[in-house]
Student: 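Structure below; questions to follow.
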Amino acid sequence: MSEQLDENKLIALRREKLAELRQGGIPFPNDFRRDALAGELHRRYGDETAEALEELAVSVKLAGRLMGKRIMGKASFAHIQDMSEPRMQIFLQKDALVDGVYEDFKGWDLGDIIAVEGVMFRTKTGELSVKAREIRLLTKSLRPLPEKFHGLTDAETCYRQRYVDLIMNEDSRRVFQLRSAIVRYIREFLSERGFIEAETPMMQVIPGGARAKPFVTHHNALGLDLYLRIAPELYLKRLVVGGFEKVFEINRSFRNEGLSTRHNPEFTMIEFYQAYADYRDLMDLTETLLRGIALSLLGTTVVTHQGKDYDLGQPFRRMTVLESILQYNPDIRAEDLAERESAAKIAARLGIPVAIGDGLGKIQTEIFEKTVEDRLDEPTFITAYPAEVSPLARRNDDNPFVTDRFEFFVGGRELANGFSELNDPEDQAERFRKQVEDKAAGDEEAMHFDADYIRALEYGLPPTAGEGIGIDRLVMFFTDSPSIRDVILFPHMRPEAVQTIRVDDSRRPEAGPAIQIESS
RNA sequence: GGGCCGUUAGCUCAGUCGGUAGAGCAUUGCACUUUUAAUGCAGUGGUCAUUGGUUCGAAUCCAAUACGGCCCA
């Protein structure tokens with residue numbers, strides 16, 4: 001017996017065709033080897049004339065998904081799509097194929113995976129094409145593809161069934177190809193500069209390195225609750241203690257928060273640490289990196305995002321938290337930000353709730369977040385964050401109220417956060433204690449006391465600077481994507497209301513009854 | 001968590017004042033040996049997200065729920 005997914009007549013018809021294939025031999029063959037990609041052929045032969053191509057008589061083997069089919073009696077055109085761009089047109093003539101093959105082809109469906117062997121030529125209308133000598137069906141597709149002209153536009157289906165989105169939407173394929181290129185660029189950028197790539201625990205006994213609510217999981221054999229990491233920071237700095245003086249990790253981290261166009265519960269960061277450097281060195285490095293990505297990806301330093309141009313070729317603006325508040329709030333006076341009481345009044349006027357335990361630094365930061373952050377359009381480094389909100393950052397030598405820290409903003413969004421690392425173990429222990437107090441007072445995002453991390457610092461962390469860059473947001477910026485879901489292949493979604501998984505007992509006798517998952 | 005909007009054929013979308021549903025593409029059949037969203041002719045295809053209510057009658061009005069989108073916190 002079997003429980004059906006959403007069957008319809010189109011699928012039933014294709015199942016009948018598959019059943020015939022099963023009768024006729026091996027239905028899912030894997031003995032075809034291609035020797036070319038459509039895109040490569042376009043680049044290599046795209047400029048050759050029809051006559052030149054005829055003379056060259058280049059024979060090629062292509063495979064891919066059947067995306068277009070135009071039957072005109074005893075001749076047909078088809079388009080196949082492989083991992084390259086653009087598609088290649090195939091020309092078939094009944095007389096040029098083995099008897100019966102042309103009739104088989106007429107029964108194939110859009111979406112089927114096919115193999116073609118033939119000769120490059122140019123059609124009357126000038127399109128580079130392959131004249132088929134042999135053509136085979138490799139994989140029967142049972143489900144109809146979306147409409148060929150409008151494609152798939154329903155956002156929900158694009159996210160839930162990314163495979164269909166990728167088949168249909170070149171723009172979507174492009175985003176993820178660029179994402180791959182960005183990650184590769186960053187990895188090479190750091191590797192060339194002598195950084196070592198590391199992999200640190202994703203399951204942690206004490207989640208650290210950021211202020212965030214973690215996900216909890218459980219290790220059965222150890223009888224131990226573990227947290228999915230919210231950041232790799234504390235482990236990477238242990239590695240610097242260990243002598244890996246330049247180290248990075250491209251990491252998936254997890255934060256138990258809501259979903260939005262800017263937040264996914266799991267997200268990708270690059271974190272890197274460099275000994276004998278400070279936060280200013282990392283600001284310079286960040287400028288170089290972002291400029292390099294733009295030039296490498298786009299061939300220009302000007303990035304167009306959501307209708308605006310951002311020139312990463314210019315030096316990025318730099319200002320402190322306090323300077324930025326004053327610049328964007330002409331009605332606020334510097335002296336009013338210097339005292340807790342007057343700053344709290346400003347916060348209250350702005351509708352920011354102030355808790356009794358909040359110090360001046362926290363209040364200043366909230367005023368900054370409320371009135372400045374999303375207006376930081378041009379590439380900007382904001383520096384001098386209060387120590388109160390920067391429990392892992394080194395204090396500034398001249399003004400210990402603030403830290404040697406920066407965040408980078410562009411298009412109103414925070415893309416990076418970096419600082420000179422706090423390497424004084426006693427100061428760090430004190431700041432952990434303050435976090436634990438905050439946690440006891442009900443701050444769910446406050447940090448834990450990580451005694452092993454303090455022990456590591458006590459062995460001596462060299463003067464170091466570290467930085468994290470949000471890869472998803474970076475990719476959003478460079479690919480002009482309005483939502484984080486557009487740059488994550490399988491973004492988090494609520495489960496579909498009722499999902500039935502087909503289990504065919506006749507072929508898997510050991511299997512139990514049909515599995516049915518229903519969400520309540 | 002709050003507000004607004006959406007959910008109709010495989011896909012993209014119409015659906016007027018409440019009278020049991022329509023197009024294009026896909027698909028099926030026929031014709032067609034250089035097409036480009038091929039073309040021509042003829043068909044098939046629907047639990048109008050779900051549940052309940054109002055009504056003689058609901059895709060349409062009301063409510064709740066589910067899922068999604070945008071904005072806000």
Side-chain angles (χ1 to χ4, degrees), chain A residues 4-17 42 50 53-54 65-81 86-97 101-103 105-112 118-132 140-165 167-169 213 257-263 306 350-353 366 369-370 373-374 412 481-486 491-499 517-520:
Chain A
Q4 309 264 300
L5 284 154
D6 50 325
E7 290 287 274
N8 64 38
K9 290 189 175 167
L10 297 175
I11 295 176
L13 198 72
R14 290 178 178 217
R15 280 196 198 284
E16 281 173 27
K17 291 178 181 178
H42 278 288
L53 282 170
E54 196 172 349
R65 196 177 292 275
L66 181 61
M67 295 302 288
K69 195 178 160 202
R70 294 181 291 280
I71 297 175
M72 282 153 302
K74 297 185 176 62
S76 292
F77 290 92
H79 271 107
I80 65 171
Q81 172 175 295
R87 299 167 180 174
M88 180 59 69
Q89 179 168 264
I90 310 299
F91 179 56
L92 300 97
Q93 288 171 300
K94 182 173 163 39
D95 298 344
L97 296 164
V101 170
Y102 188 75
E103 281 65 35
F105 164 79
K106 287 207 273 188
W108 298 346
D109 294 296
L110 294 183
D112 287 353
V119 179
M120 304 297 305
F121 79 112
R122 199 174 283 284
T123 62
K124 273 183 186 169
T125 52
E127 180 165 348
L128 188 67
S129 307
V130 173
K131 191 174 290 179
K140 185 69 200 165
S141 169
L142 296 179
R143 288 179 177 266
L145 290 175
E147 197 216 359
K148 63 185 172 187
F149 187 60
H150 297 93
L152 180 67
T153 61
D154 181 71
E156 183 173 358
T157 310
C158 287
Y159 299 147
R160 286 194 197 280
Q161 297 177 245
R162 184 67 86 185
Y163 36 90
V164 181
D165 174 44
I167 290 170
M168 298 307 298
N169 296 323
K213 282 184 240 174
E257 297 161 355
L259 294 85
S260 79
T261 50
R262 292 182 300 281
H263 298 87
Q306 300 298 290
L350 292 167
I352 299 167
E366 301 232 339
E369 288 175 357
K370 172 103 179 184
E373 266 195 6
D374 59 6
S481 300
S483 169
I484 199 169
R485 295 184 195 99
D486 298 326
H492 184 79
M493 305 279 278
R494 284 195 169 85
E496 290 176 78
V498 175
Q499 189 181 24
I517 298 170
E518 285 187 44
S519 79
S520 50

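Values below: every heavy atom of this structure, side chains too, minus hydrogens, waters and symmetry copies. For clarity, every value in this text was computed on a predicted model and none was experimentally measured. Residue numbers begin at 1 in each chain, while the letters A, B, ... track the order of the sequences.
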Student: Ignoring hydrogens and geometry beyond distance, is a side-chain donor-acceptor pair present between Arg87(A) and Gln81(A) at under 3.5 Å?
Tutor: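 Result is yes, a qualifying pair exists.
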Student: Look through every strand shown and name the nucleotide pairing with A49(B) as Watson-Crick or G-U wobble, where both distances are under 3.5 Å.
Tutor: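 U65(B) - that is the nucleotide pairing with A49(B), both distances being under 3.5 Å.
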Student: Without decimals, in angstroms, what is the distance between Met72(A) CE and U35(B) P?
Tutor: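 After rounding, the gap between these two atoms is 7 Å.
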Student: When the C1' atoms of C62(B) and C70(B) are considered, how many whole Å apart are they?
Tutor: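 Each nucleotide's C1' atom is 25 Å from the other's.
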Student: Please work out if Arg70(A) contacts a base, only the sugar-phosphate, or nothing of the nucleic acid, heavy-atom cut-off 4.0 Å.
Tutor: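 Base contact - Arg70(A) has a heavy atom under 4.0 Å of at least one base atom.
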Student: What interatomic distance, in whole Å, is found between C1' of C67(B) and the corresponding atom of A49(B)?
Tutor: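 Comparing C1' positions in A49(B) and C67(B) gives a spacing of 8 Å.
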Student: Both conditions, 6.0 Å and 45 degrees, for the charged tip of Lys94(A) above the ring of Tyr102(A): are they met here?
Tutor: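 Here Lys94(A) fails the 6.0 Å and 45° test against Tyr102(A).
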Student: Whom does U54(B) pair with, Watson-Crick or G-U wobble, provided both distances fall under 3.5 Å?
Tutor: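 Its partner: none found.
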Student: So if I take every side-chain heavy atom of Asp95(A) and compare against U44(B), U27(B), U33(B), which nucleotide ends up nearest?
Tutor: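 Of the candidates, U33(B) comes closest.
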Student: Does any donor atom in the side chain of Arg70(A) or Gln89(A) lie under 3.5 Å from an acceptor atom in the other side chain?
Tutor: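 Yes, Gln89(A) and Arg70(A) have a side-chain donor paired with an acceptor closer than 3.5 Å.
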Student: Can you tell me if Arg494(A) touches the phosphate of A66(B), counting only side-chain N or O atoms and a distance under 4.0 Å to OP1 or OP2?
Tutor: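 For A66(B), neither OP1 nor OP2 has a side-chain N or O of Arg494(A) closer than 4.0 Å.
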Student: Give, for atom CG of Leu145(A) and atom CG of Asp112(A), the distance between the pair rounded to the nearest 0.5 Å.
Tutor: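 Between Leu145(A) CG and Asp112(A) CG, I get 9.0 Å after rounding to 0.5 Å.
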Student: One thing to verify: whether Lys17(A) and Asp109(A) come together as a salt bridge, which I'm taking to mean a side-chain N less than 4.0 angstrom from a carboxylate O.
Tutor: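 Salt bridge: yes.
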Student: Kindly indicate whether the side chain of Glu127(A) and the base of U34(B) share any N or O donor-acceptor pair separated by less than 3.5 Å?
Tutor: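 Answer no: no donor N or O sits under 3.5 Å from an acceptor.
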Student: Are the side chains of Thr261(A) and Ile484(A) in touch, meaning some heavy atoms are under 4.5 Å apart?
Tutor: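 No; the side chains remain at least 4.5 Å from each other.
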Student: Between Lys17(A) and U28(B), is there a contact of a side-chain N or O with OP1 or OP2 at under 4.0 Å?
Tutor: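 Answer is yes, contact under 4.0 Å.
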Student: With a 3.5 Å limit on both atom pairs, tell me what A23(B) is paired to, counting Watson-Crick and G-U wobble, or say none.
Tutor: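 Result: U12(B).
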Student: Select base, sugar-phosphate, or nothing to describe what Ser129(A) touches, counting heavy atoms under 4.0 Å on all strands.
Tutor: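 It contacts nothing in the nucleic acid.
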Student: What is the distance, to the nearest angstrom, from the CD atom on Glu496(A) to the C1' atom on U50(B)?
Tutor: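 Interatomic distance, CD of Glu496(A) to C1' of U50(B): 15 Å.
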Student: Can you tell me, in whole Å, how much space there is between the P of G52(B) and that of A58(B)?
Tutor: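 Each nucleotide's P atom is 13 Å from the other's.
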Student: Just to confirm, is there a sub-4.0 Å distance from OP1 or OP2 of G69(B) to any side-chain nitrogen or oxygen of Arg485(A)?
Tutor: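 Affirmative; the distance criterion is met.
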Student: Looking at every strand, decide which applies to Met493(A) at a 4.0 Å heavy-atom threshold: base, sugar-phosphate, or nothing.
Tutor: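 Sugar-phosphate, no base atom in range.
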Student: Checking contacts here: which listed nucleotide (C11(B), U34(B), G10(B)) is nearest the side-chain heavy atoms of Phe121(A)?
Tutor: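 When the side chain of Phe121(A) is considered, U34(B) is the closest of C11(B), U34(B), G10(B).
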Student: Using atom NZ of Lys106(A) as one end and atom P of U28(B) as the other, report the distance to the nearest whole Å.
Tutor: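 Rounded to the whole Å, the gap is 12 Å.
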Student: Of all the choices, G69(B), U12(B), C70(B), which nucleotide is nearest to the side chain of Leu152(A) once you look at every atom?
Tutor: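 Ranking G69(B), U12(B), C70(B) by closest atom to the Leu152(A) side chain puts U12(B) first.
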Student: Got a second to check how far Ile71(A)'s CD1 is from Ser76(A)'s OG, nearest 0.5 Å?
Tutor: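 With rounding to 0.5 Å, CD1 (Ile71(A)) is 4.5 Å from OG (Ser76(A)).
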Student: Which whole-number value in Å describes the distance from Leu259(A) CG to A73(B) P?
Tutor: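 After rounding, the gap between these two atoms is 18 Å.
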Student: Nearest-nucleotide wise, let me know which of Leu145(A) and Arg122(A) is further upstream toward the 5' end of RNA chain B.
Tutor: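 Checking each residue's closest nucleotide, the 5'-ward one belongs to Leu145(A).
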Student: So what does Glu156(A) touch, heavy atoms closer than 4.0 Å: a base, only the sugar-phosphate, or nothing?
Tutor: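 Glu156(A): backbone/sugar contact only, no base atoms under 4.0 Å.
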Student: May I ask you to check whether Tyr159(A) and Asp486(A) show a side-chain donor-acceptor distance below 3.5 Å?
Tutor: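 Yes - a donor-acceptor pair under 3.5 Å links their side chains.
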Student: Determine the interatomic distance between C1' on C71(B) and the same-named atom on G19(B); round to the nearest Å.
Tutor: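 To the nearest whole Å, 39 Å.
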Student: Within the structure, does a side-chain N or O atom of Lys148(A) lie under 4.0 Å from either OP1 or OP2 of A26(B)?
Tutor: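 Yes.
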Student: Should C70(B) form a Watson-Crick or G-U wobble pair with both distances under 3.5 Å, which nucleotide is its partner?
Tutor: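 Paired with G3(B).
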Student: Write down the distance separating the C1' atoms in A37(B) and C13(B), rounded off to the nearest Å.
Tutor: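 Per the computed distance, 16 Å lies between those C1' atoms.
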Student: Has the side chain of Thr153(A) got a donor or acceptor that lies under 3.5 Å from a partner of the other kind on the base of U12(B)?
Tutor: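 Donor-acceptor pair under 3.5 Å: no.
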Student: Rounding to an integer number of Å, can you tell me how far Leu10(A) CG sits from G43(B) C1'?
Tutor: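 So the CG-C1' distance, Leu10(A) to G43(B), works out to 14 Å.
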Student: Just to be sure I understand the rule, does Gly151(A) reach a base, reach only the sugar-phosphate, or reach nothing, if contact means heavy atoms closer than 4.0 Å?
Tutor: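 Here Gly151(A) touches the backbone only, sparing every base.
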Student: Of the nucleotides U27(B), C67(B), G10(B), which one has an atom closest to the side chain of Asp109(A)?
Tutor: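 That would be U27(B).
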Student: Rounded off to whole Å, could you give me the CD-to-C1' distance for the Glu257(A) and G1(B) pair?
Tutor: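 Computing the Glu257(A):CD to G1(B):C1' distance gives 15 Å.
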Student: When you compare C5(B) with U47(B), how far apart are their P atoms, in angstrom units rounded to a whole number?
Tutor: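 To the nearest whole Å, 28 Å.
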Student: Is the backbone of Ser141(A) close enough, under 3.5 Å, to the side chain of Arg14(A) for a donor and an acceptor to pair up by distance?
Tutor: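 The answer is yes, because a donor-acceptor pair under 3.5 Å joins these two groups.
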Student: From the options U12(B), C71(B), U27(B), select the nucleotide whose nearest atom is closest to the side chain of Leu13(A).
Tutor: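 Among the listed nucleotides, the one closest to the side chain of Leu13(A) is U27(B).
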Student: Let me know the distance between CG of Asp154(A) and P of G69(B), rounded to the nearest Å.
Tutor: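 Distance check: Asp154(A) CG to G69(B) P gives 10 Å.
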Student: To the nearest Å, how far apart are Lys74(A) NZ and U33(B) C1'?
Tutor: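 From Lys74(A) NZ to U33(B) C1': 8 Å.
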Student: Just name whichever nucleotide pairs with A59(B), Watson-Crick or G-U, keeping both distances under 3.5 Å, else none.
Tutor: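 Paired with no nucleotide.
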Student: What interatomic distance, in whole Å, is found between C1' of C61(B) and the corresponding atom of U12(B)?
Tutor: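 Approximately 28 Å lies between the C1' atom of U12(B) and that of C61(B).
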Student: Does A31(B) have a Watson-Crick or wobble mate here (both distances under 3.5 Å), and if so which one?
Tutor: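 Here A31(B) is engaged in a pair, and the nucleotide opposite it is U39(B).
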Student: On RNA chain B, does the nearest nucleotide to Gly126(A) precede the nearest nucleotide to Leu92(A) from the 5' side, or the other way round? Give the residue.
Tutor: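 Looking at the nearest nucleotide for each, Leu92(A) comes out on the 5' side.
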Student: Quote, to the nearest angstrom, the P distance that separates A59(B) from U54(B).
Tutor: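 The answer is 16 Å between these two P atoms.
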Student: What contact category does Ile71(A) fall into here, base, sugar-phosphate, or nothing, at under 4.0 angstrom with non-hydrogen atoms?
Tutor: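 Since a base atom lies under 4.0 Å of Ile71(A), the category is base.
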Student: Can you check U47(B) for me, syn or anti if syn means within 90° of 0?
Tutor: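 Anti, angle beyond 90° from zero.
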